[in-house]
Peer 1: 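Would you mind keeping the following structure in view while I ask a few things?
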Amino acid sequence: MNTQGRPTRMAATIAADNMATGGYADTISGSRGLDQAEPLIFERGGLDRCGVDLPEPKGTATRLGGLERKAEIGLPGLAEPETMRHYVRLSRKNYAIDLGLYPLGSCTMKHNPRLNEKMARLPGFADVHPLQPVATVQGAYQLMGELAHWLMTLTNMPAVAMSPKAGAHGEFCGMMAIRAKLDADGETGRRRVLVPESAHGTNPATAVQCGFTVDEIPADKTGRVDMEAFKAKLGDDVAGIMLTNPNTCGLFERDIREIADLIHEAGGYFYCDGANFNAIVGRVRPGDLGVDAMHINLHKTFSTPHGGGGPGSGPTVLSEALAPHAPVPYVVQTEKGGWDLVENMDDAEGDPFGRMAAFHGQMGMFTRALTYMMSHGSDGLRQVAEDAVLNANYIQARLKHVMTTAYDGTCMHEALFDDRFLKDTGVTTLDFAKAMIDEGYHPMTMYFPLVVHGAMLIEPTETESMSGLDRFIEVLEALALAAKAGDKDRFLAAPVHAPTTRLDETRAARQPVLRWTPPVETVEAAE
């Protein structure tokens, strides 16, 4: 657990009633205006009630064969309107990209065009089944083939694996291809992977999962790879490097070509984390930089929805050296102009390292991504990167007089600040972020990257308007000035306008309450 600036207890007098009622202490109902207080569904519905009327079963015969339930199921009973209101009220407590600016650095939370959603819901895409006969899914295969073509074109790479389900899965794919290539060449002694401090946190974990050891490379004073340290770590046991470019400090690695050349001369391979591809798409082709493998987060660069537990998609492009080891399955065009799926290792060209998923990929994500590409065109995708970088630099330029930038000069797609401007104010990065919630903004990424103390990483993306950025900047500027003016209470008590106030984070981490249990009086009444 990162303990930078994390108090054990909330600082001020936020009434305990707030957390007990799930609402505000200064109203009778626990609600504030249209922000409705909402208890747990178990507290709203009774265990002794049912939302529907079911007839009593006739007779005693059942089809359960002695597997009938012996005790109460323990689920709350609510009428349909009560159930609907419960989940609608919960949804209103969420922050969403459709609600406002989502400044999470290293995450690329941008607007998802509704055209993408409409296309993904078309019959034949939305209802396609992975076990359908090949003849009935020719359109879906063609779409995958066309998306694969444009991913290879944008990166100038000769092959792409479409089956990885997320960015980390794509990393795994690329590193497994590197391992397969090394093993095929008899280079089984190469098991050390160089990972810069400015790389994404999943990179070292992926390397270890693939059977490599990790050797960290420090950053220099400009936030980029320390070239002397990098050169000193090269050797005949090096399998490759995992580098994020632009890196997590929001900076382009100026020595990227030299890094690629040196790692290749040493007999290793260059894995580039493509999570920040949105900053260079249409402007820079990773293949031209000497990259051997790179995953592409379709949700980040090509605007398909984030998270919610999935579905994700992380296609991985591969160089000529690694292409023969791409995993199955993959789509191919037949001699007659149709499409087919190569699923068996024996039928594949080259020497695939294996299979990563039960089925080929994620149709909804593929459809959205290709729609995004086609609606933007090559000039539009180039403008995506240009506007993303412009917006980040606008934020940095407007705020650097009141907040401290971690590194001098212009940035790429995200602006990185540190906590030096909060020195001697009694306000921490965490306090500053909590105060942003009271102002209606989701906080930026905090305490990451770890190479910067008290980091505040802001990525506005290209889809924010200047007026929206101005409003966001004015809020952060006012908060910074308030902290410097000694208005500490507004930060230490924040958030006070949120449905749930500040938690005792240490206790929440050490003693989490993850399961609802009925009150004692309810249990006694049931008995």
Peer 1: Should R283 and V389 count as side-chain neighbours, where that means a heavy-atom distance under 4.5 Å?
Peer 2: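 Not touching, per the 4.5 Å side-chain cut-off.
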
Peer 1: Is there side-chain contact between F491 and T428, with heavy atoms separated by less than 4.5 Å?
Peer 2: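 Side chain of F491 against side chain of T428, heavy atoms only: no contact under 4.5 Å found.
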
Peer 1: How many angstroms lie between atom CD of Q511 and atom OG1 of T506, to the nearest 0.5 angstrom?
Peer 2: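 It is 10.5 Å, given to the nearest 0.5 Å.
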
Peer 1: Give me the ring orientation class for H169 and F172: parallel if the planes are under 30° apart, tilted from 30 to 60°, perpendicular past 60°.
Peer 2: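 Taking F172 first and then H169, their aromatic rings lie parallel (interplane angle under 30°).
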
Peer 1: Has R85 got more than 12 heavy atoms of other residues, nucleotides or ligands less than 6.0 Å from its CZ?
Peer 2: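 Counting neighbours around CZ of R85, 12 or fewer heavy atoms of other residues, nucleotides or ligands fall under 6.0 Å, so no.
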
Peer 1: Can you tell me how far CG of L251 sits from NE2 of H413, rounded to the nearest 0.5 angstrom?
Peer 2: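 The CG atom of L251 is 9.5 Å from NE2 of H413, to the nearest 0.5 Å.
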
Peer 1: As a quick check of understanding, evaluate side-chain contact (heavy atoms from CB on, under 4.5 Å) for N245 and V284, giving each step before the final call.
Peer 2: CA-CA 11 Å; N245 194 36; V284 177; over 6 Å; no

Peer 1: Is there a donor-acceptor contact under 3.5 Å from the side chain of N247 to the main chain of G223?
Peer 2: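 Yes; at least one donor-acceptor contact below 3.5 Å.
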
Peer 1: How about D419 and Y447: does a side-chain donor come under 3.5 Å of a side-chain acceptor?
Peer 2: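 Side chains of D419 and Y447: no pair found under 3.5 Å.
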
Peer 1: Would you mind checking if K110 and E459 are paired as a salt bridge, meaning a charged N to carboxylate O distance below 4.0 Å?
Peer 2: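 Between K110 and E459 there is no salt bridge, as every charged N stays at least 4.0 Å from the carboxylate O atoms.
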
Peer 1: With a 4.5 Å cut-off on side-chain heavy atoms, are S319 and V291 touching?
Peer 2: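 Result no, sub-4.5 Å side-chain heavy-atom pair not found.
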
Peer 1: Indicate yes or no: at least one non-hydrogen side-chain atom of K165 is less than 4.5 angstrom from one of S313.
Peer 2: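 Not touching, per the 4.5 Å side-chain cut-off.
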
Peer 1: Evaluate side-chain contact (heavy atoms from CB on, under 4.5 Å) for R368 paired with L298, printing each intermediate quantity in order.
Peer 2: CA-CA 9 Å; R368 294 180 181 97; L298 292 187; over 6 Å; no

Peer 1: Verify the neighbour count for atom CD of Q209: are there more than 12 heavy atoms of other residues, nucleotides or ligands below 6.0 Å?
Peer 2: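 Atom CD in Q209 is not crowded, with 12 or fewer foreign heavy atoms closer than 6.0 Å.
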
Peer 1: To the nearest 0.5 Å, how far apart are CG in N203 and OG1 in T244?
Peer 2: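 Nearest 0.5 Å value for the CG-OG1 distance: 4.5 Å.
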
Peer 1: Is it true that D288 and R257 make a salt bridge, defined as a side-chain N closer than 4.0 Å to a carboxylate O?
Peer 2: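 Looking at D288 and R257, the cut-off is not met.
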
Peer 1: Compute whether any side-chain donor of one residue and acceptor of the other, for E462 and N391, lie under 3.5 angstrom apart.
Peer 2: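 No, N391 and E462 have no side-chain donor paired with an acceptor closer than 3.5 Å.
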
Peer 1: What class does the angle between the rings of F302 and F277 fall in, given that below 30° is parallel, 30 to 60° is tilted and above 60° is perpendicular?
Peer 2: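 Perpendicular.
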
Peer 1: Which pair of non-hydrogen atoms, one from S375 and one from L115, has the smallest distance, and what is that distance?
Peer 2: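 So the two residues come closest at CB-CD2, 4.2 Å.
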
Peer 1: Is a side-chain N or O of R92 found less than 3.5 angstrom from the main chain of L34, in a donor-acceptor match?
Peer 2: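 Yes, R92 side chain to L34 backbone: donor-acceptor pair under 3.5 Å.
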
Peer 1: Would you call the rings of Y441 and F472 parallel, tilted or perpendicular, where under 30° means parallel and over 60° means perpendicular?
Peer 2: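 Perpendicular, since the angle between the ring planes exceeds 60°.
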
Peer 1: Taking N297 for its side chain and H299 for its backbone only, find out whether a donor-acceptor pair lies under 3.5 Å.
Peer 2: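 Checking the backbone N and O of H299 against the side chain of N297, no donor-acceptor pair under 3.5 Å is found.
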
Peer 1: Main chain of D408, side chain of K400: is a donor-acceptor contact present, judged purely on distance under 3.5 Å?
Peer 2: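 No, because the side chain of K400 does not come within donor-acceptor range (under 3.5 Å) of the backbone of D408.
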
Peer 1: Checking F432 against F417 for the ring pair (Phe, Tyr, Trp, His ring centres under 6.0 Å) test, could you report, in this order, the C-alpha distance in whole Å, the side-chain angles of both residues, the deciding distance, and whether it holds?
Peer 2: CA-CA 12 Å; F432 193 87; F417 300 92; 9.5 Å; no

Peer 1: Applying salt bridge (Lys or Arg N to Asp or Glu O under 4.0 Å) to E464 and R471, what does each step give before you reach the verdict?
Peer 2: CA-CA 11 Å; E464 294 301 327; R471 184 183 178 197; over 6 Å; no

Peer 1: For a quick test of reading the model, state the closest non-hydrogen atom pair linking A509 to P512 and the distance between them.
Peer 2: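 Scanning both residues completely, I find the closest heavy atoms to be O-CD, 3.8 Å.
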
Peer 1: Does T425 reach the main-chain N or O of A483 with its side chain, forming a donor-acceptor pair under 3.5 Å?
Peer 2: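 Pair absent, no side-chain N/O of T425 close to backbone of A483.
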
Peer 1: Shortest non-hydrogen contact from H295 to A275?
Peer 2: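 Smallest heavy-atom distance, with atoms named: NE2-N, 3.9 Å.
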
Peer 1: Can you confirm whether the side chains of N112 and E117 place a donor and an acceptor under 3.5 Å from each other?
Peer 2: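 Looking only at side-chain atoms, E117 and N112 do not form any donor-acceptor pair under 3.5 Å.
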
Peer 1: To the nearest 0.5 Å, tell me how far M456 CE sits from E414 CD.
Peer 2: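 CD of E414 is found 15.0 Å from CE of M456.
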
Peer 1: For T248 and H200, indicate whether the former's side chain and the latter's backbone hold a donor-acceptor pair under 3.5 Å.
Peer 2: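 Such a contact is absent between T248 side chain and H200 backbone.
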
Peer 1: Step by step, would you call E38 with R44 a salt bridge (Lys or Arg N to Asp or Glu O under 4.0 Å)?
Peer 2: CA-CA 8 Å; E38 185 63 17; R44 175 169 288 282; 2.7 Å; yes

Peer 1: Over all heavy atoms of both residues, which pair between T206 and M175 is shortest? Give the atoms and the distance, please.
Peer 2: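 The pair with the smallest heavy-atom distance is CG2-CG, 4.1 Å.
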
Peer 1: Above 12 or not: heavy atoms from other molecules or residues under 6.0 Å from CG of D98?
Peer 2: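 Yes, because the 6.0 Å sphere around CG of D98 holds more than 12 heavy atoms from other groups.
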
Peer 1: Using a distance-only test with no angle check, is there a side-chain donor-acceptor pair under 3.5 angstrom linking T404 and D418?
Peer 2: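 The criterion, which ignores hydrogens and geometry beyond distance, is satisfied for D418 and T404.
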
Peer 1: Should the pair Y102 and Y95 be assigned to parallel (<30°), tilted (30 to 60°) or perpendicular (>60°) ring geometry?
Peer 2: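 It falls in the perpendicular class, over 60°.
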
Peer 1: Is any side-chain heavy atom of T301 closer than 4.5 Å to one of T108?
Peer 2: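 No, too far: nothing below the 4.5 Å cut-off.
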
Peer 1: Checking side-chain contact (heavy atoms from CB on, under 4.5 Å) for the pair Y372/V384: CA distance, chi angles, key distance, verdict?
Peer 2: CA-CA 11 Å; Y372 184 81; V384 162; 3.4 Å; yes

Peer 1: Donor-acceptor pair, distance only, cut-off 3.5 Å: does the side chain of S31 make one with the backbone of A37?
Peer 2: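 It does hold such a pair.
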
Peer 1: With rounding to the nearest 0.5 angstrom, report the OG1 to CG distance, T367 to L143.
Peer 2: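 It is 5.0 Å, given to the nearest 0.5 Å.
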
Peer 1: Is any side-chain heavy atom of Y394 closer than 4.5 Å to a side-chain heavy atom of I473?
Peer 2: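 The answer is yes, as the side chains (C-beta and beyond) meet within the 4.5 Å cut-off.
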
Peer 1: If we ignore hydrogens and angles and just use 3.5 Å, is the side chain of N94 paired with the main-chain N or O of A96 as donor and acceptor?
Peer 2: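 Side chain of N94 to backbone of A96: no pair is present.
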
Peer 1: Is the shortest distance from a Lys or Arg side-chain nitrogen in K488 or D431 to a carboxylate oxygen in the other one below 4.0 Å?
Peer 2: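 Salt bridge absent between K488 and D431.
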
Peer 1: Less than 4.5 Å apart, side chain to side chain, heavy atoms only: is that true for T371 and S303?
Peer 2: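 Counting from C-beta outward, T371 and S303 never come under 4.5 Å.
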
Peer 1: Does any N or O in the side chain of K93 come within less than 3.5 Å of the main-chain N or O of T500, such that one atom is a donor and the other an acceptor?
Peer 2: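 Checking the backbone N and O of T500 against the side chain of K93, no donor-acceptor pair under 3.5 Å is found.
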
Peer 1: Has R420 got more than 12 heavy atoms of other residues, nucleotides or ligands less than 6.0 Å from its CZ?
Peer 2: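 For R420, atom CZ is crowded (more than 12 foreign heavy atoms under 6.0 Å).
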
Peer 1: Considering the options V225, D255, D220, which one meets the side chain to side chain contact (heavy atoms under 4.5 Å, CB included) requirement together with F230?
Peer 2: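 Per the side chain to side chain contact (heavy atoms under 4.5 Å, CB included) rule, the option paired with F230 is V225, out of V225, D255, D220.
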
Peer 1: For the pair R224 and E258, find out whether any cationic side-chain nitrogen is under 4.0 Å from an anionic carboxylate oxygen.
Peer 2: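 Answer for the salt bridge query: no.
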
Peer 1: Of the non-hydrogen atoms in A433 and P443, which two are nearest, and what is the gap between them?
Peer 2: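 Looking at all heavy atoms of both residues, the shortest contact is O-CG, 3.4 Å.
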
Peer 1: Parallel, tilted or perpendicular for H264 and Y269, by the 30°/60° rule?
Peer 2: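 Perpendicular.
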
Peer 1: Would you say the side chain of P460 lies within less than 4.5 Å of the side chain of L469, judging by non-hydrogen atoms?
Peer 2: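 Yes. Closest side-chain heavy atoms under 4.5 Å.
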
Peer 1: Go through it in stages, so that I can follow the logic: the residues are M412 and I280, the test is side-chain contact (heavy atoms from CB on, under 4.5 Å), and I'd like the CA-CA distance, side-chain angles, deciding distance and then a yes or no.
Peer 2: CA-CA 9 Å; M412 289 293 289; I280 59 174; 3.7 Å; yes

Peer 1: Roughly how far, to the nearest 0.5 Å, is CG of L370 from OG1 of T304?
Peer 2: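 It comes to 12.0 Å.
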
Peer 1: Locate the shortest heavy-atom distance separating L399 from E477; write the atom from each residue and the value.
Peer 2: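 L399 and E477 have their closest heavy atoms at CD2-N, 3.9 Å.
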
Peer 1: Does K231, at its NZ atom, have more than 12 non-hydrogen atoms belonging to other residues, nucleotides or ligands within less than 6.0 Å?
Peer 2: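 Counting other residues, nucleotides and ligands, NZ of K231 exceeds 12 neighbours.
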
